[in-house]
Peer 1: 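Just dropping this structure here.
The figures here come from the full heavy-atom set of this structure, side chains too, leaving out hydrogens, waters and symmetry mates.
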Amino acid sequence: MPYEWVQPDGPDAPKAELHLWPYRSLPRRGFVWIMGMGFGFMLLPLLGMVGTIALWWLLPFGLAALGALWFFIEKSYKDGEILEELRIWPDHMTLIRHGPRGDLKEWEGNPYWVTVQLHKSGGPVPDYVTLKGNGREVELGAFLSEDERPAMHDELAQRLVEVKSHQ
């Protein structure tokens with residue numbers, strides 16, 4: 001799953017810490033294979049054109065297609081560099097979202113007043129998870145799959161109850 005509960009240690013460490021990130025369906029090694037296969041498939045029809053003027057007319061289009069494939073896969077990697085860190089202490093909790101282009105969004109609340117909500121419908125995605133508290137409602141893990149969001153919601157609600165009960 002593209003989220004994990006981290007076991008913090010130390011006297012000032014949070015009681016619970018959750019890290020979430022988008023799922024990567026194409027690792028870097030797969031990217032190399034895709035580019036190699038793309039080059040090979042582009043080269044096959046061009047081999048029949050070797051020695052003709054048609055090769056020079058078709059070659060720029062094949063290279064442009066490979067360049068576009070490279071560009072958009074790299075853009076997908078950059079857009080997927082999201083990390084959400086939720087830290088829960090007995091007296092406060094923080095959510096920090098590291099965005100894909102270096103932007104940083106922060107939210108704080110008191111765990112006693114914060115509620116974790118699972119919106120079955122009405123959100124941008126099914127089973128939309130939000131934290132509500134401190135006058136704001138923030139999303140959490142909208143990039144997770146439909147199966148992962150309810151599971152993460154249940155785990156987070158349980159951890160929040162545990163932290164609230166140990167005050």
Side-chain angles (χ1 to χ4, degrees), residues 1-8 14 16-88 93-109 116-133 136-157 159:
M1 287 193 169
Y3 71 88
E4 69 177 346
W5 288 96
V6 179
Q7 295 297 334
E17 186 171 343
L18 175 65
H19 291 185
L20 302 103
W21 59 91
Y23 178 72
R24 283 272 172 238
S25 60
L26 181 67
R28 286 289 179 177
R29 189 174 190 173
F31 171 70
V32 172
W33 278 98
I34 290 293
M35 292 307 296
M37 287 186 343
F39 180 76
F41 287 137
M42 179 200 73
L43 194 60
L44 281 175
L46 292 180
L47 283 177
M49 303 288 177
V50 171
T52 68
I53 193 76
L55 172 71
W56 299 107
W57 286 100
L58 295 175
L59 190 60
F61 295 106
L63 293 176
L66 276 179
L69 180 63
W70 182 292
F71 174 79
F72 286 113
I73 291 177
E74 281 296 323
K75 184 178 181 331
S76 171
Y77 281 128
K78 289 288 182 200
D79 290 347
E81 291 177 353
I82 298 172
L83 176 64
E84 293 181 355
E85 298 173 327
L86 178 66
R87 293 182 178 100
I88 307 171
M93 62 192 296
T94 61
L95 174 64
I96 301 172
R97 184 180 195 269
H98 304 272
R101 290 170 187 82
D103 55 335
L104 192 68
K105 295 181 181 177
E106 297 183 34
W107 172 85
E108 287 190 18
V116 182
Q117 298 177 339
L118 179 68
H119 305 276
K120 289 288 186 187
S121 61
V125 292
D127 296 324
Y128 190 60
V129 179
T130 61
L131 296 172
K132 189 172 186 177
R136 283 178 57 197
E137 187 169 11
V138 294
E139 69 178 13
L140 185 65
F143 44 77
L144 297 176
S145 72
E146 287 186 40
D147 297 334
E148 293 165 339
R149 284 189 296 271
M152 187 266 305
H153 167 267
D154 295 342
E155 291 176 24
L156 178 58
R159 293 281 176 115

Peer 1: Which residue, Leu140, Val129, Asp154, forms the side-chain contact (heavy atoms from CB on, under 4.5 Å) with Arg149?
Peer 2: Val129

Peer 1: State which residues pass salt bridge (Lys or Arg N to Asp or Glu O under 4.0 Å) with Lys75; sequence neighbours excluded, sorted by chain then number.
Peer 2: Asp79

Peer 1: Here's a test for you: under side-chain contact (heavy atoms from CB on, under 4.5 Å), which of Leu156, Leu18, Thr94, Leu95 qualifies with Ile88?
Peer 2: Leu156

Peer 1: Could you go step by step and tell me if His98 and Ile96 meet the side-chain contact (heavy atoms from CB on, under 4.5 Å) rule?
Peer 2: CA-CA 6 Å; His98 304 272; Ile96 301 172; 3.7 Å; yes

Peer 1: Could you measure the distance from the CG atom of Leu46 to the CZ atom of Phe41? Nearest 0.5 Å is fine.
Peer 2: 14.0 Å

Peer 1: Is a side-chain donor-acceptor pair under 3.5 Å present for Tyr3 with Glu155?
Peer 2: yes

Peer 1: Does a side-chain N-to-carboxylate-O contact under 4.0 Å join Lys120 and Glu146?
Peer 2: no

Peer 1: Quick check for you: to the nearest 0.5 Å, what is the distance between Leu86 atom CG and Trp107 atom CH2?
Peer 2: 7.5 Å

Peer 1: Please report the shortest heavy-atom distance between Pro8 and Pro14, naming the atom on each side.
Peer 2: CG-O, 3.0 Å

Peer 1: Using every non-hydrogen atom in the two residues, find where Pro27 and Ser25 come nearest and quote the distance to one decimal.
Peer 2: CD-O, 3.7 Å

Peer 1: In Å and rounded to the nearest 0.5 Å, what is the CZ to CG distance from Phe61 to Leu66?
Peer 2: 14.0 Å

Peer 1: Tell me if the CE atom of Met35 is crowded by more than 12 foreign heavy atoms within 6.0 Å.
Peer 2: yes

Peer 1: Has the side chain of Glu137 got a donor or acceptor atom that lies under 3.5 Å from a matching backbone atom of Thr130?
Peer 2: no

Peer 1: Identify the two heavy atoms, one from Pro22 and one from Gly80, that lie closest to each other, and give their separation to 0.1 Å.
Peer 2: CG-O, 3.4 Å

Peer 1: Out of curiosity, Lys105 NZ to Glu139 CD, how far, rounded to the nearest 0.5 Å?
Peer 2: 8.0 Å

Peer 1: Checking side-chain contact (heavy atoms from CB on, under 4.5 Å) for the pair Met49/Leu58: CA distance, chi angles, key distance, verdict?
Peer 2: CA-CA 9 Å; Met49 303 288 177; Leu58 295 175; 4.2 Å; yes

Peer 1: Atom NZ of Lys78 and atom CD1 of Ile73: how far apart are they, to the nearest 0.5 Å?
Peer 2: 14.5 Å

Peer 1: Would you call Glu148 and Phe143 a side-chain contact if the rule is heavy atoms closer than 4.5 Å?
Peer 2: no

Peer 1: Does OH belonging to Tyr77 count more than 12 external heavy atoms closer than 6.0 Å?
Peer 2: yes

Peer 1: With side-chain contact (heavy atoms from CB on, under 4.5 Å) as the test, would you mind laying out the steps for Trp70 and Ile34 before giving the verdict?
Peer 2: CA-CA 9 Å; Trp70 182 292; Ile34 290 293; over 6 Å; no

Peer 1: Taking the side chain as every heavy atom from C-beta outward, state whether Leu63 and Met42 have any atom pair closer than 4.5 Å.
Peer 2: yes

Peer 1: Arg97 pairs by salt bridge (charged side-chain N to carboxylate O under 4.0 Å, His left out) with which of Glu81, Glu106, Glu84?
Peer 2: Glu84

Peer 1: Rounded to the nearest 0.5 Å, how far apart are NE2 of His153 and CG of Leu144?
Peer 2: 13.0 Å

